[in-house]
Structure formats: structure tokens, C-alpha cells
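Following: one structure in C-alpha cells, then a few remarks.
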Amino acid sequence: MNTTHSVKGLIPALLLLLSTTSEAVEVKLEFLPQDAMPKMGGYRPQKAPTFALQPASISQTPPNIADAEFGEIKLGPADSQRTFAFVIDRPESDKPRLFVDSNANGDLTDDPPATWAIRRYTQQDGSVSVQTSGSFMLDLKWGEETAKAQISAYRFDSKDPKRPHNVLLYYTNYARVGSVTLGDKTIPALLADDDCKGDFSAPTSSFRLDINGDGKFSFQGERFFVKNAFNIGGTTYEISGLAPSGSSFQVVKSSRTVAESKPQVVLTAGQQAPPFEATTLAGEKISLPGSYKGKVVLLDFWATWCGPCIGELPNVIAAYEKHHASGLEILGISLDSESSKEKLPAFIQEKHIQWPQVCDGLGWKAAIGQLYNVHSIPATFLIDGDSGKVIAVGIRGAALEPAIAKALTEKAR
């Protein structure tokens, strides 16, 4: 779930023409068939149950299928919904294969190949967890309109009791992108099929606007469900004439009243980190920066349900073990909801996470997450405990440990 990709360059090409009434803006956004998730800033995984029994929607399977799991994904509006069957061959082996009926004709031997690969994670206790992931193209149909669209998918280790089993988790990797002119301002725009319905007009789909011009679409203040009104610059708008394909629609002034969406604060290196007080899961009251005098602290926003967060854990643990004695502190901010919050203590113990955690059970509406404008995870902020200034934002992977080492070296001078 990479969260830092820019949407600069999307403003391009497509002009949005005012209607003759000057009350409506005609919007035509370009269809981006694949690799759109980074621009959306996150995803909402959907579940497709898997079964040992082959469904009637499959008329022909690939040769040499063994120990297979079958399932179906249904996409599209009611009048043109299509069933895309799939089969996972040898799911527990070292070389599992995924076949998807991309053209929805029941024959799994005439479709483009899906990517499907194993990634292994070595846990702190030496055990190895497996996550399988990949992507595939589907032929979506909206009445007479058609398009090839990418879906990404993954499965957790079947031996992990905390993860869903016998299910394929999948999410949208396509969108429509461009820009819209509201008043005297041209704003980068994106139309997302958030819940992977194959229908841009579904109530769960969203219209995104980069109001603050930071090159990203924030979940807070820049994301509007397509059936809802939204207020930009003191004027309330709504979407009209949106078809399932999303190929064109209008933004019109609305008679409804909603609060204005204010541009979100974007934290960058050198700025003051927003101060806060919180209570950890262990009951300790802490404050930032007050509790971290003489230290460098890494705020780590994550959740137990976030695959990329779990994949990043070995890097965070290694950095903590290497630099804690030299002045590094980590504060985990879990975006788990009230239901998944119950799993946190056992998860923390199992993964040998040694630093304190804060979780208010509000998920994406977590108080500290909103304070820091976190709209996708993992998200990190490296902060000086004395000055309260942000040292670095979004460090992860191979960049994490060197950034921490540099900050500690400079602080020791």
C-alpha cells in the first residue's frame, strides 16, 4: 500500500467544459486501467470465498489442476453484471497458480495469465509466514461500453489463525483520472470504484479532489462519495448524470447544505509535529513531544489487518533493536477498529513488538491519525523529542534505518 505516489501530471490533457448554463461542469476523466491504487492512496479489500467444489460458471479448467480452490467475483451494474470465476491451483504448495476467467465465458484456458507469487516473512521468533499476491485483468462491461481493468489480490498464510482462510482478498487497481475546474480553480481529480463493484456510479464509489495541491488524494477532506454533496471554497456541489462506466458526468451546484472541505495540513520535514496526549494500551499516559526529551521518536501508524504494515514490521523491529540504546523510541499508533483492537495484545506479543502502542478503536477516524492526516498505512513520522520538529516523513523499507541513524548522529553532536 504505497502512500506517497504523486498525482502530478494527471491535470493534463482533458479539458472540462462549462455548460451553456454556467451551472454545470461537464467532466470527462481518462480511464486508467491498471496500477491506479498508489494514486488512490489505499484500497478497501473485498472477500471472495473459495470452495473445493467447482462452480457451474466454469465450463473448462486448465490442465493438471490439483488440490484446487474455486471462487467467483461478480462485477458490474445489475443490467450487465458479469461473473469472473477463478481457481487457485495447489494453494499450499511452493508454486501455487491462479487462473481467472477474465472474459467471463466460463473457459479458463483462453485468458491472459494472472501474476501470482509467494512472499515469505521471517518473524522475530524465527518462524516464516507466507503471503501470496498478484493481479489480473478483467473485461468489464457497462451496457455497450467495455474496458479491461486490473484487479489485485492476495491471500494470507493459512496457518495464521488470526487471518481469514478460504478466501481471496481483492481490490480495485483501476480508476478514472484528470482534473475539474470549480470556480476559478482547476483541481486534480480521480473517480474510484472503492469497493470493487465494477460500477463507478455505486454509492460506495468516490470522487477525489486534490484540494490542497500536495499531489495526493487524502481520505480526509478530499474524498467524497458520489451520491453525497460536497463543499469546495464555500460552494456546495453534487454529481449528476454519472453512469456506471464513469466516462462522463456533471458537477452541478447543489441546493443541499454541507460544511466546507478545508485543505488538509500536510506535514513535511522541518515543520512542528502536532502535539498530543494519549494513553497506551499498557495504561501509561504519554505526550508528544514532552515524553521524549533527549530522544528521537518514530510515530508508526499501522494496523493488524494491513498486509504491507506486517511486511514492514521486520524493518521496524530491526531498527528499534539497533538504535533504541542510542536514543530511538517508537510509538505505534494502531488504526484497528474496536472489533480488531481485542487482538492487539496477543498480536504484539506474538510479533515481539517491544514499543508502546496507542489505539482508540476508531480505525481511520483515530484521533491521532486525523491529527496527522493519515489516510493510508503504513505511515511514519520521525520527530525530534526536544524541538518537536519533524525530521522525516514516510520512511520505510531500506530507507528507514539510515534515516534513523542519521537523525541520532546529528542529535548527538
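Residue numbers start at 1 and run along the sequence shown. Just so you know, these numbers use all the heavy atoms, side chains as well, and skip hydrogens, waters and symmetry mates.
For the pair Arg155 (side chain) and Asn166 (backbone), a donor-acceptor distance under 3.5 Å is absent. In this structure, Asn105 contributes its side chain and Asp107 its backbone to a donor-acceptor pair below 3.5 Å. Remark: the backbone N or O of Gly76 is not paired with any side-chain donor or acceptor of Lys74 at under 3.5 angstrom. Distance alone, capped at 3.5 Å, is enough to place a donor-acceptor pair between the Asp111 side chain and the Ser102 backbone. With hydrogens and angles ignored, the 3.5 Å screen pairs no side-chain donor or acceptor of Asn315 with any backbone N or O of Ala319. No donor-acceptor pair under 3.5 Å is formed between the side chain of Asp157 and the backbone N or O of Ser129. In this structure, Thr380 contributes its side chain and Ile395 its backbone to a donor-acceptor pair below 3.5 Å. One N or O on the side chain of Thr115 and one on the backbone of Ser135 form a donor-acceptor pair closer than 3.5 Å. With hydrogens and angles disregarded, a donor-acceptor distance shorter than 3.5 Å links the side chain of Glu312 to the backbone of Gly397. The closest donor-acceptor contact from the side chain of Gln349 to the backbone of Ala346 lies at 3.5 Å or more, if one exists at all.
Arg176 meets the salt bridge (charged side-chain N to carboxylate O under 4.0 Å, His left out) test with no other residue; sequence neighbours excluded. Every ring pair (Phe, Tyr, Trp, His ring centres under 6.0 Å) that Phe156 has, sequence neighbours left out, goes to Tyr154. A search for side-chain contact (heavy atoms from CB on, under 4.5 Å) contacts involving Lys47 returns Val167, Leu169, not counting sequence neighbours. In this structure, the side-chain contact (heavy atoms from CB on, under 4.5 Å) partners of Ser340, at least two apart in sequence or on a different chain, are Thr304, Trp305, Asp336, Ser337. Listed by chain and number, the residues in a side-chain contact (heavy atoms from CB on, under 4.5 Å) with Lys343 amount to none (sequence neighbours excluded). Partners of Thr172 under the side-chain contact (heavy atoms from CB on, under 4.5 Å) rule, at least two apart in sequence or in another chain, are Met40, Tyr174, Asp193, Cys196. Take Tyr320 and apply the ring pair (Phe, Tyr, Trp, His ring centres under 6.0 Å) test, not counting sequence neighbours, and it matches His324, Trp355. Residues passing the ring pair (Phe, Tyr, Trp, His ring centres under 6.0 Å) test with Phe249, sequence neighbours excluded: Phe207. With sequence neighbours excluded, the residues satisfying side-chain hydrogen bond (donor to acceptor under 3.5 Å, both in side chains) with Asp94 are Arg120.
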Next item on the list: Could you go through the salt bridge (charged side-chain N to carboxylate O under 4.0 Å, His left out) check for Arg223 and Asp194 one step at a time?
Entry: CA-CA 11 Å; Arg223 175 175 177 257; Asp194 293 73; 3.2 Å; yes
Check: What do the steps show when you test Leu400 against Val316 for side chain to side chain contact (heavy atoms under 4.5 Å, CB included), and what is the final call?
Finding: CA-CA 8 Å; Leu400 179 65; Val316 183; 4.0 Å; yes
Next item on the list: Give the C-alpha distance, both sets of side-chain angles, the deciding distance and a yes or no for side chain to side chain contact (heavy atoms under 4.5 Å, CB included) between Leu140 and Thr146.
Entry: CA-CA 6 Å; Leu140 298 186; Thr146 60; over 6 Å; no
Note to self: side chain to side chain contact (heavy atoms under 4.5 Å, CB included) for Arg119 and Val130? Distances and angles first, verdict last.
What the structure shows: CA-CA 6 Å; Arg119 184 177 178 184; Val130 174; over 6 Å; no
Next item on the list: In sequence, state the C-alpha distance, the side-chain angles, and the governing distance for Leu288 and Phe381, and then conclude on side chain to side chain contact (heavy atoms under 4.5 Å, CB included).
Entry: CA-CA 12 Å; Leu288 186 121; Phe381 298 85; over 6 Å; no
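For Ser57 and Glu72, the side-chain atoms include at least one donor-acceptor pair closer than 3.5 Å. Counting only N and O atoms by type, the side chains of Gln54 and Thr61 include no donor and acceptor under 3.5 Å apart. Judged purely by distance below 3.5 Å, without hydrogens or angles, the side chains of Arg208 and Ser206 pair a donor atom with an acceptor atom.
Atom CG in Leu299 sits 9.0 Å away from atom CG in Leu382 (nearest 0.5 Å). With values rounded to the nearest 0.5 angstrom, Ser133 atom OG is found 5.5 Å from Gln131 atom CD. Ile151 contributes atom CD1, which lies 10.0 Å from atom CD of Gln46 (distance to the nearest 0.5 angstrom). A distance of 5.0 Å separates CD1 of Ile58 from CG of Leu108, quoted to the nearest 0.5 Å. Interatomic distance, OG of Ser93 versus CG of Asp67, reported as 8.5 Å (0.5 Å rounding). Atoms CH2 and CG, on Trp142 and Asp199 in that order, are 9.0 Å from each other to the nearest 0.5 Å.
Lys406 and Glu401 are not joined by a salt bridge, as no carboxylate oxygen comes within less than 4.0 angstrom of a charged side-chain nitrogen. Salt bridge Lys285/Glu277: absent, no basic N to carboxylate O contact under 4.0 Å. In summary, Asp195 and Arg44 engage in a salt bridge, as defined by a charged side-chain N under 4.0 Å from a carboxylate O.
Residue Lys341 qualifies as enclosed at atom NZ: its count of foreign heavy atoms under 6.0 Å is above 12. Annotation: Lys227, atom NZ; neighbour count of heavy atoms from other residues, nucleotides and ligands within 6.0 Å is above 12. More than 12 heavy atoms of other residues, nucleotides or ligands shown are found within 6.0 angstrom of CD on Gln81. Enclosure of atom CD in Glu145 by more than 12 non-hydrogen atoms of other residues, nucleotides or ligands within 6.0 angstrom is indicated.
Contact of the Thr186 side chain with the Thr181 side chain is registered, since non-hydrogen atoms from C-beta on lie closer than 4.5 Å. With contacts defined as side-chain heavy-atom distances shorter than 4.5 Å, the pair Leu335/Trp302 does not qualify.
Taking both residues in full, the closest heavy atoms of Gln250 and Ala24 are given as CB-CB, 4.4 Å, listed atom of the first, atom of the second, then distance. Nearest heavy-atom pair, Thr83 versus Asp101, reported as atom, atom and distance to 0.1 Å: O-OD2, 4.4 Å. Between Pro38 and Asn173, the shortest heavy-atom contact is CD-OD1, 4.4 Å. Scanning all heavy atoms of the two residues, the minimum distance from Leu408 to His323 falls at CD1-CB, 3.6 Å. The shortest heavy-atom contact between Ile187 and Ile211 is CG2-N, 4.2 Å. Across all their heavy atoms, Leu242 and Ser201 have their closest contact at O-CB, 3.5 Å.
Listed by first and then second residue, the salt bridge (Lys or Arg N to Asp or Glu O under 4.0 Å) pairs that reach into residues 127-140 are Asp139-Lys148, sequence neighbours excluded. Within the structure, the salt bridge (Lys or Arg N to Asp or Glu O under 4.0 Å) test picks out the following pairs touching residues 235-246 (sequence neighbours left out): Glu238-Arg256. Within the structure, salt bridge (Lys or Arg N to Asp or Glu O under 4.0 Å) contacts touching residues 49-58 (residues at least two apart or in different chains) do not occur.
Ring geometry for Phe301 against Tyr372 counts as tilted: the plane angle lies between 30° and 60°, on a 0 to 90° scale.
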